[in-house]
Amino acid sequence: KREGNTSSTQFIVESATSDAGPWTLATITNSTKATLQATPGQFITYRVVAKKGNDVADPTDAFSFWVGSGESSVSLSIAA
């Protein structure tokens, strides 16, 4: 669900290995869903920044995953 965001809105997904960062670019998408690769057995945290033209939103609160030993990807659905 896009919650009023047009298809030109970019969602910048950043990742870190701790809630304090440092934050690095994971992906940029215009979709409200993204699949990201992760290292099995690693704690990873994400945040999302919405960008439309020159307008950039504040980052979302961080949300964290522990990627299990047999998994290698994380699917995110963004409530945008």
Side-chain angles (χ1 to χ4, degrees):
K1 191 172 178 181
R2 296 201 69 87
E3 299 292 335
N5 288 302
T6 65
S7 60
S8 65
T9 301
Q10 292 182 316
F11 300 103
I12 302 162
V13 182
E14 300 173 320
S15 65
T17 55
S18 80
D19 289 334
W23 296 97
T24 60
L25 178 65
T27 193
I28 299 174
T29 182
N30 292 84
S31 175
T32 57
K33 296 181 181 180
T35 299
L36 305 168
Q37 297 301 314
T39 302
Q42 179 182 14
F43 172 85
I44 192 160
T45 188
Y46 295 98
R47 69 183 186 182
V48 179
V49 178
K51 181 178 186 292
K52 182 177 176 186
N54 291 327
D55 295 329
V56 180
D58 291 333
T60 62
D61 291 335
F63 47 98
S64 303
F65 292 92
W66 178 266
V67 181
S69 60
E71 302 171 42
S72 62
S73 66
V74 175
S75 293
L76 302 176
S77 292
I78 303 165

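The residues of the chain are indexed from 1 along the displayed sequence.
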Minimal heavy-atom distance between Trp23 and Ala16, with the atoms involved, is CE3-CB, 3.8 Å
Closest non-hydrogen atom pair between Ala34 and Thr27, with its separation
CB-CG2, 4.3 Å
Can you give me the closest heavy-atom contact between Phe11 and Ser31, atom names plus distance?
CD1-O, 3.4 Å
Tell me whether Leu25 is reachable from Val56 by hopping between hydrophobic residues (I, L, V, M, F, W, Y) whose side-chain heavy atoms are closer than 4.5 Å.
yes
With clusters defined by side-chain heavy atoms of hydrophobic residues (ILVMFWY) lying less than 4.5 Å apart, directly or transitively, does Phe63 cluster with Val13?
yes
For a quick test of reading the model, state the closest non-hydrogen atom pair linking Arg47 to Ala62 and the distance between them.
CB-CA, 4.4 Å
Would you confirm whether Thr9, through its side chain, and Lys51, through its main-chain N or O, come within 3.5 Å as a donor-acceptor pair?
no
I need the minimum non-hydrogen distance between Phe43 and Asp19, along with the two atoms involved.
CZ-OD1, 4.0 Å
Can you name the closest pair of heavy atoms from Ser64 and Thr45 and give their distance?
OG-OG1, 3.1 Å
Checking the side chain of Thr60 only, and the main-chain atoms of Val48 only, is there a donor and an acceptor separated by less than 3.5 Å?
yes
In the single-linkage hydrophobic clustering (I, L, V, M, F, W, Y; side-chain heavy atoms under 4.5 Å), do Ile28 and Leu36 co-cluster?
no
Without swapping roles, check the side chain of Lys52 against the backbone of Asn54 for a donor-acceptor pair under 3.5 Å.
no
